[in-house]
Amino acid sequence: MTDAEVVLSLSGVPVAYGPDPARPGRYVPQEALLPIPGEPLALEVSWQGRRATAASAMPEAIALDSVRLSPAAAPVEAVFADSLGLDLREGWIYPVAVALYWAPPAEADSARWVRARLRPPASFPSAVVDFLLRTDQTLREDDLGIQPGGARRWSGLYAVPVEGPESPLPAHGLKVYLLRSGPDYARYALTRTDPERREPTGNVEGGLGIVAGISFDTLTVHVGGP
Amino acid sequence: MPLRLLVLLALLAAAARPAPAQAIRLEAEATPLAEVLLELAVQAGVDVVFAQDLVEGRAVSGRYLGDEAEGALATVLRGSGLRAVRLRPGQYVVVPEEPAPAEERRGTLAGSVLDAASGEVLPGAHVVLAGLGLGTVTNPAGYFAIPRLPAGRYLVRASYVGYRTAEVALAVEPEAEGALPEIRLAPQPVRGADVVVEGAEGERADLLPVPSTEAVGVRAAAGLPAFLGESDLFAALERLPGVGRASEGGGELVVRGAEAHFNRYLLDGAPVIHPWHTFGLFSTFQPEALKHVRLYKGSLPAEHGGGLSAVLDVEMKDGGGERSGGVLALSPVSLRGVAEVPLGRGASLMLTGRRTYLDLLLSPRLRAGADPLSFGGEGAGEAQEIGYYFFDAGAKLSLRPAPGHRLSLSIYEGGDDLAADVPFLSLFDPAPEATSPLGLRLNYGWGNRVASARYRYLHGRELFLTATAYGSRYRAEERAFARPTAAASVDTDYRVRFAEYGLRLDADYYLALEHQLRAGLHLAGRDFTSTLEEEVRRVAGQPEVRSEADLVRALEAALYVQDTWQPGPRWQLQPGLRLEVFSLGPYVALNPRLHARYVLARGRLFLRAGLSRQTQALHRLRDRYSFTYDLASSRWVPASRRVRPAVGWQAAAGLEWAPAEGLALGLDAYGRYLTDVLLPADEFRVKDGIEGPGILPGALLEQYVAATGRGFGLEASARWERGPWRLGLAYAWSRAQERPPGELWRRARYDAPHALEILLQREGRRWTAALAIALRSGYPVTVPTARYSLGDPLGDGAPVRYLHRPEIHNGRLPLYARADLSFGYGFRLLGLDWAAQAQAYNLLNWRNTVGQRFSPNGSAVAPDDVHGLPLLPMISLKAAW
């Protein structure tokens, strides 16, 4: 539908959204948005007498300080499976451990959540090995503790398939995301991973979906190669 | 609530008052005395009982006109050498005139009811004074007593499920001493064209006032069609109205739609914590080893606690009898046997055992629970091997050291062991050419160990004491090692222990003809232990180690008192009170119980009703996050400050009618209301990874919320027996609902509004056959109502499709229907009685839908049905000596 009335309030200031002619059903802001960390936001959508509302808040900005990668010294043997687990074979992979570092806000807040995600160029073809990889995680930021240098640290792991035990780590790009938001987004992120079985937990009254203020940083890292 | 209870008691007491006096007009001219007495009883509306030999040959003449039964009796018996003694309002017994006052010539009619073939005592047998409408039920030791009867001889009728009714004349003497009389009931032959089937009164018209109580014939249970031909008590239980199974092929027992963990199972007085094998497909109870089974479907007498849904009270055989005997049976699943050995001087021994055997044939390397994790590199990873077995072993020693003393010792141990060594490459190629270190090895084991000692002592003839000490333990071990890459592994060792130790003291005091008191004390200690050692190695180097341990100790004390009060020939009231104290919290629960039985037509039509409050301090939970623990086992969490005990109110009323010989009809209505039952906080949450909140009780309880539940329904049953034929029909209309906090009532998981069970059996001299048909509404299912897409700010740009499921259990699976058939042939060979049985599970191969999946990515949202088991033919063989 392209005739809904969509208004986003930032710190109590309404910002009108209008339909995007290039993508029917999508609405874009009609003026520049100036979100302020810690300030509330509210969304109201009206269409033919129906109304959907949601409220959230803008989190503090988050920025990646550094990314450290630790590829395995040599390929390791691994079991490969297709998504249905119908085709099993053994092959070789380079596990690559990744650590993300960022500066925490000045004050602790147990309602603050972060989501870290690693996006290698291709998804790894093994549901079995996926259990031990860690490419996407949402957790309470305070649970991560503070490193000696004063930074937060998250550890992830992804893998790159190679031809054999002598293969070098191929050059590839790794996209790294780091996101900060509140409990509403965390509930959504923690429940969005199994579309076959469930829908994510939303926070929209009178509608479906999630409205949450987020801040995120992203970085593309080039790994391997000469 | 106490006020409401008092009002109900007052109403029942008022209803129990004798009817107003009626005009009596008697005229006799050399009329047989028996005839006049019967006419008097009819006109006066009273019961008059007499021994036939007392009145035989006597005749009376005379006239009486008045309205007093006692005056009429005195007139009729004047000069006969007999007199009438009032037992209680409206009941008189004719006895010879004695010089001593009647009050001094009273005594207790007491004795035991036994199986004539085996010598086993029969708890729950009915003992009735014929013609007097006065009766009782044998206690768990097979003992009965009817106190303060006028001295004389009485015709006593004893009956029990699966046995021929017996009538014997017993004498009541004041201050009688010496050996108690024994009434021996002959089992009804299982095979034989000349089977005499007694009226069904004994099976339905239970003398206990507790409604919705089922006595289950264990001998008949052995011949019913059972899953994979494995004889199982639960194959008989699931044919009862309101009783079902949780899943296809078997599953835990579901009573009136309530969750299975609200059932409490007792074996010789000790709880069996988790009486299941093979994830619920088979129970631990083998009919051949049992002598007595009683199922309380809701309302409980004061002696029982816990079990908000049901209590199953099972007694093992004593092994008595004049000669030894036994059964050995082979099914596609197991080899099992029972041996009964009389040891002389009142001592006897019963031994029972069962073990599955396929693992011995198919996986010799992993047989007998060998631990694949201990193999190291030797032999591992060569080929896929999965070994599984379960076993049961039990024994019961019964001793009679002296008259009035009886001691029994029971032990039971059973468990399951699953061991697997699965190289990943072998999943689709059982014998791959190359060996590989990448694979999964696991060793899971779980089981119960139960021991009880029971001492029974008869002091005089009015006080019967029972002391029971028991210990029961459930253990589960889940050990797993998975290596998906040469550098990564998961190694877990998860253990659960739940032990209960208890002491019960029960006293039956036969105070007076109208009052039988029962009181008791129950002390129980419970230990809950769980440990987790987990090592996750994602890459070479330092592993992530998790080590958690938890020990919780809880005590429970219960004190109860109950009066079985018979204010008149038609009424029986059973008020009771049970006080329970739980140490964690602490919590104190005062649980009133009131049951009543009213005879609308003697021997034909009965009404039972009851109201009870029950408390269950044990919650059964399961982690819903991690694959590395709580995968095969369950966890029990006691009531504490974190979680309150679950409380249930149960009300039930039932009508039982035996309109003709061999025909019994029943109708029951019930309602229940439960509070503080735990439901998953997130119904859609399923295990999906390695990481989870851990095994500590707080982490588990975080995954659940305290909810309320309710259920109500009507159950109708009909049982018809004639010669070798038996037909049973059971229909239940029921609703089971639950309400999480802040939400509306919704269907519970096992809500099935309609259920019909049909059982047709023929037990001939050589051939036996049984056809069991089950039809019921499908269980609830959650159906999506819309589909939508959401983008992900950290995704690759493509929105993800989801299905909107606004309500839990808003749909229902299609009708479930199944017919099972069994044929048996009996013959004698090599001095043994053999029985060969062929069985067909799902005879008509109906494709039942037992689950539905919905995918968000198809062209339309349509259910993908999961079907139940197809036709499974099986044969089994049994030998008895």
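Naming convention: chains lettered A, B, ... in sequence-line order (proteins, then strands); numbering from 1 in each chain. No hydrogens, no waters, no symmetry mates; every other heavy atom, side chains included, goes into these values. Just so we're clear, the structure is a prediction, and the values are computed from it rather than from any experiment.
For the pair Asp792(B)/Arg115(A), a side-chain contact is recorded, criterion being any heavy-atom separation below 4.5 Å from C-beta on. Between Glu683(B) and Arg198(A), the closest side-chain pair of non-hydrogen atoms is not below 4.5 Å. Ile93(A) has its side chain within reach of Thr485(B): a pair of non-hydrogen atoms, C-beta onward, lies under 4.5 Å apart. Glu199(A) places none of its side-chain heavy atoms less than 4.5 Å from the side chain of Phe684(B).
Contacts of Arg538(B) with chain A are made by both backbone and side-chain atoms, with heavy-atom separations under 4.5 Å. Residue contact with chain A, scored on non-hydrogen atoms closer than 4.5 Å, involves the backbone of Phe854(B) exclusively. Of the two parts of Arg119(A), only the side chain, counted from C-beta on, holds a non-hydrogen atom closer than 4.5 Å to a non-hydrogen atom of chain B. Both the backbone and the side chain of Pro200(A) have a heavy atom closer than 4.5 Å to some heavy atom of chain B. Heavy-atom distances place both the backbone and the side chain of Phe131(A) under 4.5 Å from chain B.
With rounding to the nearest 0.5 Å, the separation of CG in Leu208(A) from CZ in Arg787(B) is 13.5 Å. Going from atom CD of Glu691(B) over to atom CD of Gln137(A) covers 5.0 Å, rounded to the nearest 0.5 Å. To the nearest 0.5 Å, atom CD1 of residue Ile690(B) and atom CG of residue Asp130(A) are 10.5 Å apart. A distance of 11.5 Å separates CZ of Arg187(A) from CG of Asp682(B), quoted to the nearest 0.5 Å. The CG atom of Leu132(A) sits 11.0 Å away from the CZ atom of Arg483(B) when rounded to the nearest 0.5 Å. Note: Ile214(A) CD1 to Leu794(B) CG = 6.5 Å, rounded to the nearest 0.5 Å.
More than 12 heavy atoms of other residues, nucleotides or ligands shown are found within 6.0 angstrom of CD on Glu743(B). Atom CG of Leu744(B) has 12 or fewer neighbouring heavy atoms from other residues, nucleotides or ligands inside a 6.0 Å radius. By the neighbour-count criterion of 12 heavy atoms within 6.0 Å, atom CZ of Arg51(A) is sparsely surrounded, having that number or fewer from other residues, nucleotides or ligands. Atom CD of Gln147(A) has more than 12 neighbouring heavy atoms from other residues, nucleotides or ligands inside a 6.0 Å radius. Annotation: Arg622(B), atom CZ; neighbour count of heavy atoms from other residues, nucleotides and ligands within 6.0 Å is above 12.
Across Thr782(B), Asn857(B), Val686(B), the residue that shares the most heavy-atom pairs under 4.5 angstrom with chain A is Val686(B). Of the listed residues Ser789(B), Gly689(B), Pro793(B), the one with more heavy-atom pairs under 4.5 angstrom with chain A than any other is Pro793(B). If you tally non-hydrogen atom pairs under 4.5 Å between each of Arg853(B), His804(B), Arg805(B) and chain A, the highest count goes to His804(B).
Closest approach of Pro195(A) and Pro856(B) over heavy atoms only: O-CG, 3.5 Å. Across every non-hydrogen atom of Gly209(A) and Leu790(B), the tightest pair is CA-CD2, 3.8 Å.
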Note to self: Asp194(A) vs Asp688(B), test: side chain to side chain contact (heavy atoms under 4.5 Å, CB included). Steps then yes/no.
What the structure shows: CA-CA 9 Å; Asp194(A) 192 1; Asp688(B) 62 357; 5.8 Å; no
